[in-house]
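Here is the naming used below: chain letters follow the sequence lines, and residue numbers restart at 1 for every chain.
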Protein chains: 2
Amino acid sequence: MKPPDPTLLGYALLALIHQAPRSGYDLRKLFATTPLMSFSDSPGAIYPALKKLEQTGLIRSVVRDQGLRRKRVFRLSPSGLAKLKTWLTRPVQREDIIRHVDQLLVRFGFMDETVGAEGTIDLLRQMESGLAAYVPELQTFLAAHGPAMSLSGRLALESGISSYKSFLVWSRYALRQYEASRKRVAYETSQHSS
Amino acid sequence: MKPPDPTLLGYALLALIHQAPRSGYDLRKLFATTPLMSFSDSPGAIYPALKKLEQTGLIRSVVRDQGLRRKRVFRLSPSGLAKLKTWLTRPVQREDIIRHVDQLLVRFGFMDETVGAEGTIDLLRQMESGLAAYVPELQTFLAAHGPAMSLSGRLALESGISSYKSFLVWSRYALRQYEASRKRVAYETSQHSS
DNA sequence: TATATCATGTAATGCGTTACATGATTTA
DNA sequence: TAAATCATGTAACGCATTACATGATATA
């Protein structure tokens with residue numbers, strides 16, 4: 001009955017369309033040229049995904065044909081914006097930390113334009129505490145099983161650990177950035193209102 | 001005509017079976033309990049994958065029924081071992097660095113048991129130079145587009161950069177470990193031969 | 001004797017990948 | 001005028017996910 005939730009690609013498309021109205025080709029070019037996200041820029045991925053988003057009413061399209069080449073431009077519908085928001089503000093599960101860190105990063109990258117600094121800080125706090133809890137688990141595993149592993153196996157595990165650690169450090173850095181920017185905003189608005 | 005190459009899951013199964021003969025259930029438990037790899041432990045993923053590997057002749061199975069529960073135990077065939085080796089020693093492409101770092105890590109983790117220290121060092125060198133080339137690209141992108149990005153977008157990009165950087169640092173650390181262990185082996189064998 | 005664990009599978013579904021296909025418009 | 005780029009799609013295929021299904025054996 002209920003249409004299923006979008007995939008990660010679907011959500012990314014929603015977020016990018018929310019930033020600005022875009023065509024399928026625009027989106028392909030974004031995926032091809034920006035280093036942030038690991039999505040395929042192949043038409044066979046993007047056009048069907050857009051079609052599905054439109055069929056489920058999350059986006060709407062208008063064909064523009066003025067002088068230029070014919071172009072189908074998409075915009076978010078109200079329900080599309082709502083879907084995007086609930087995705088962005090979904091609580092961080094343990095699984096997100098263990099197996100879908102990349103998804104968390106994509107989510108994070110799109111937060112400002114949709115849920116503002118409050119929501120972004122909220123996500124960062126959840127990421128920070130999730131990571132802070134997970135790193136020691138990995139270290140415990142390494143201490144227990146490391147000695148029995150091959151050198152390459154152990155080093156691969158250590159690579160995972162150090163990557164999580166650097167992510168944890170980053171999350172704290174990002175929190176500081178946000179708190180600084182919030183103070184700045186507070187200061188500026190107080191200047192205005194005075 | 002030619003059977004297609006295994007998927008990443010298929011290669012991981014090959015490598016784990018190469019470490020020791022294992023059953024489907026053994027493999028499921030490994031995926032469920034070890035933190036290294038992000039594979040699903042669901043039977044719907046593993047049993048069909050094993051079936052396919054057997055159909056293409058890369059593994060062979062024997063049903064064991066002695067006293068315990070009935071169990072299908074898999075071993076690598078010669079062609080399976082060959083397939084595994086060519087996968088492990090495949091040259092590192094730019095795409096591997098940009099979009100499949102996780103795969104590189106999986107590959108790396110399985111190298112010792114199959115291609116030895118020589119091959120592992122080779123992979124590490126390729127990873128190191130690929131990463132060393134890619135990090136500045138990302139930094140250039142950040143410098144060019146960062147100012148126009150939202151704070152969360154920019155921070156997400158910075159997170160990617162710092163993660164690549166920490167991976168680069170790790171690759172150099174891993175190289176030192178291997179060179180140290182190689183010297184140790186050389187020393188020990190020279191002691192033996194003297 | 002009821003529950004958890006061992007152990008192996010199948011079925012429906014959906015999505016992404018690769019490859020194919022088309023046509024208009026700049027640019028060299 | 002040939003090639004590159006803009007722009008949108010479809011078709012075949014394979015694989016993973018989720019859910020379902022079964023039955024034996026420890027364990028409480």
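Using a 4.0 Å cut-off, some side-chain N or O of B:S40 falls inside it from OP1 or OP2 of D:dT17. Between A:Y25 and the phosphate of D:dC6, there is a side-chain N or O to OP1/OP2 separation shorter than 4.0 Å. At the phosphate of C:dT8, OP1 or OP2 sits under 4.0 Å from a side-chain N or O atom of B:S23.
Of the candidates B:R72, B:K71, B:R75, B:R72 is the only one forming a side-chain hydrogen bond (donor to acceptor under 3.5 Å, both in side chains) with B:S61.
Distance, B:R64 CZ to C:dA7 P: 11 Å, rounded to whole Å. Atom C1' of nucleotide C:dC6 and atom CG of B:D41 are separated by 14 Å, given to the nearest angstrom. Per the geometry, CZ belonging to A:F31 stands 14 Å off P belonging to D:dT8, to the nearest Å. Atom NZ in B:K29 sits roughly 13 Å away from atom C1' in C:dA4 (whole-Å rounding). Atom C1' of nucleotide D:dA7 and atom CG of A:L30 are separated by 15 Å, given to the nearest angstrom. Straight-line distance from the CZ atom of B:F39 to the P atom of D:dA16: 9 Å, rounded to whole Å. Note: CD (B:E54) to P (C:dT8) measures 12 Å, nearest angstrom. Between A:I46 atom CD1 and D:dC6 atom P there is a gap of 14 Å when expressed in whole angstrom units.
Residues A:L14 and A:I59 form a side-chain contact, since some pair of their non-hydrogen atoms from C-beta on lies under 4.5 Å apart.
Residues A:E179 and A:R125 are paired through a salt bridge, judged by an N-O separation under 4.0 Å between the basic side chain and the carboxylate.
Side-chain atoms of B:Q19 and B:R22 form a donor-acceptor pair, as typed in the model, at a separation below 3.5 Å. In this model, no donor atom of one side chain and acceptor atom of the other lie less than 3.5 Å apart for A:Q103 and A:Y11.
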Report summary line: Going 5' to 3' through nucleotides 9-15 of chain C and flagging B where a protein heavy-atom sits under 4.0 Å of the base, S where only the sugar-phosphate is that close, and - otherwise, we get BB----S
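Each of B:R99 and B:R28 lies near DNA chain C, and the nucleotide nearest B:R28 is the one positioned closer to the 5' end.
B:W170 has its ring centre less than 6.0 Å from the ring centre of B:F108.
Relative to the side chain of B:R69, the nucleotides D:dT5, C:dT5, C:dT8 differ in distance, and C:dT5 lies closest.
A:S79 meets the side-chain hydrogen bond (donor to acceptor under 3.5 Å, both in side chains) test with A:S77; sequence neighbours excluded.
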